[in-house]
Amino acid sequence: MKLKGTFEKLSLAKLGVIAAALTVVMLALRFYQLTALTDPATGFFTDHKNVTVLPFYVLAVGAVLCLLLLAWLAGGVGSGKTRERRDLPLGVASLVFAVPLAMAFISGAKEISANLAAYYRLKDAVEAMGGYISVLAPLLALLSAVAMLLNGISFLTGKFIIPKLKILLLCPALWAFFLTIEYFKITVSYVKVSQLMLTIFADAFLMIFLFEYARLISGIGILDAIHAFYGSGLAAAFLLLSAELPNLYFQLFAPEKLVIHCQLRTVNLAAALFVIAAMLYAARNGLPARTESPEEAA
């Protein structure tokens with residue numbers, strides 16, 4: 001029995017409302033836990049029997065599974081084809097996302113330069129930085145920044161350069177992959193450090209969404225994967241906002257509450273903005289499932 005896309009009454013608008021409600025609940029829970037229940041020096045809960053601990057884990061996993069399932073079942077998500085139209089929110093969000101990506105490249109390049117100057121052999125410098133992943137990540141951050149810059153220009157001007165650059169479009173997803181596996185260098189229990197767990201999940205789903213976005217814009221294989229585009233996007237937005245909005249607040253008003261290994265990541269805030277803008281663009285400009293061309297849709 002085919003279930004994919006069979007719930008016609010479950011629209012994208014309703015999915016957005018559900019995702020927003022889950023995010024609000026998670027944010028309320030996280031603000032309480034990070035303020036009154038978390039040791040910033042370790043990231044562990046100070047009281048593992050607290051009434052909010054179990055609901056956090058249930059919500060963190062359950063909300064993601066719920067959003068993925070609902071996106072899979074939702075009808076009216078379109079064919080995966082989109083009209084190429086100017087879009088100010090997506091153009092601006094792309095440029096905003098490009099800024100911290102460029103800063104990540106600069107920071108990584110400085111670290112590489114410093115290590116190369118401190119060691120005689122390249123092998124020793126690479127080992128000091130944590131392996132070749134730390135060398136490749138800044139390069140991918142640079143290519144990702146260029147991809148987002150061209151993406152922003154495309155949607156701001158209506159001159160669609162970016163769909164032709166299919167390989168470049170994959171760079172943000174590869175960058176997010178390297179970003180995710182970087183966390184596994186940290187010798188700590190990822191499950192017990194709740195903020196780190198959220199961040200890892202957030203970056204993992206961001207990686208999946210960026211891959212699905214590349215397919216959407218380039219038009220490669222998206223016809224059978226538009227449900228994955230929205231599912232991964234809703235999950236990524238939920239996790240990114242849940243992890244980084246509390247960090248933003250504490251960075252501004254109570255830096256001592258920031259959890260070790262989980263400082264504010266502006267790139268993740270920018271990524272959340274981009275994910276939301278991309279989904280809104282696809283929802284506004286997506287062609288119906290049975291439409292073969294923009295002319296037929298009109």
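- With hydrogens and angles ignored, the 3.5 Å screen pairs no side-chain donor or acceptor of T23 with any backbone N or O of F238.
- Within a 6.0 Å radius of CD1 in I167, other residues, nucleotides and ligands contribute 12 heavy atoms or fewer.
- A distance of 5.0 Å separates CG of N268 from CG of L240, quoted to the nearest 0.5 Å.
- Between the side chain of Y230 and the main chain of A283, a donor-acceptor pair closer than 3.5 Å is present.
- The CG atom of L206 sits 10.5 Å away from atom CG of L239, with the distance rounded to the nearest 0.5 Å.
- L198 has its side chain within reach of F56: a pair of non-hydrogen atoms, C-beta onward, lies under 4.5 Å apart.
- Applying the 6.0 Å contact sphere to OH of Y183 captures more than 12 heavy atoms from other residues, nucleotides or ligands.
- Counting only distance, with no hydrogens or angles, the side chain of N247 and the backbone of C262 share a donor-acceptor pair below 3.5 Å.
- Without hydrogens or angle criteria, S107 side chain to M103 main chain gives no donor-acceptor distance under 3.5 Å.
- A side-chain donor-acceptor contact under 3.5 Å links Q195 to the backbone of A243.
- To the nearest 0.5 Å, atom CG of residue L210 and atom CG of residue L170 are 10.0 Å apart.
- The closest donor-acceptor contact from the side chain of Y32 to the backbone of L37 lies at 3.5 Å or more, if one exists at all.
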* To do: Start with the C-alpha gap between F97 and N151, add the side-chain angles, then the distance that decides, and say whether side chain to side chain contact (heavy atoms under 4.5 Å, CB included) holds.
  => CA-CA 10 Å; F97 192 15; N151 197 70; over 6 Å; no
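- Here the straight-line distance linking atom CG of L169 with atom CG of L174 works out to 11.5 Å at 0.5 Å rounding.
- Taking both residues in full, the closest heavy atoms of Q263 and E244 are given as O-OE1, 4.3 Å, listed atom of the first, atom of the second, then distance.
- With K257 contributing its side chain and T35 its backbone, the two residues share a donor-acceptor pair below 3.5 Å.
- The distance from atom CG of L34 to atom OG of S194, rounded to the nearest 0.5 Å, is 6.0 Å.
- When all heavy atoms of L241 and L27 are compared, the pair lying nearest together is O-CD2, 3.5 Å.
- For residues 206-223, the salt bridge (charged side-chain N to carboxylate O under 4.0 Å, His left out) pairs, not counting sequence neighbours, are E212-R215.
- Side chain of T38 to main chain of Q33: a donor-acceptor pair is present (N/O by atom type, distance under 3.5 Å, no hydrogens or angles).
- In terms of heavy-atom proximity, A74 sits nearest to L15 at CB-CD1, 3.8 Å.
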* Asked: Going through the distances and angles, do V146 and F105 end up as a side chain to side chain contact (heavy atoms under 4.5 Å, CB included)?
  -> CA-CA 11 Å; V146 173; F105 162 71; over 6 Å; no
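- The environment of NZ in K159 is sparse: at most 12 heavy-atom neighbours from other residues, nucleotides or ligands sit within 6.0 Å.
- Of all heavy-atom pairs spanning R265 and L179, the tightest one is NH2-CD1, 2.8 Å.
- Looking at S154, its side chain does come within 3.5 Å of a backbone N or O of I162 through a donor-acceptor pair.
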* To do: Run the numbers on V99 and L95 for side chain to side chain contact (heavy atoms under 4.5 Å, CB included), then give the verdict.
  => CA-CA 7 Å; V99 174; L95 296 181; over 6 Å; no
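- Within 6.0 Å of atom CZ in F177, 12 or fewer heavy atoms from other residues, nucleotides or ligands are found, so the atom counts as exposed in its surroundings.
- Both F155 and L88 are assigned to one and the same hydrophobic cluster, defined by single-linkage of ILVMFWY side chains at heavy-atom distances under 4.5 Å.
- The hydrophobic clustering, which links ILVMFWY residues whose side-chain heavy atoms are closer than 4.5 Å, places L150 and M148 together.
- Without hydrogens or angle criteria, Y213 side chain to G233 main chain gives no donor-acceptor distance under 3.5 Å.
- Residues V259 and F184 fall within the same hydrophobic cluster, defined by Ile, Leu, Val, Met, Phe, Trp and Tyr side chains chained together at heavy-atom separations under 4.5 Å.
- Closest of all the heavy-atom pairs between A36 and T46 is O-OG1, 4.3 Å.
- If you take CG on D47 and CG on D39, they are separated by 13.0 Å, rounding to the nearest 0.5 Å.
- Smallest separation of non-hydrogen atoms from F31 and L245: CZ-O, 4.1 Å.
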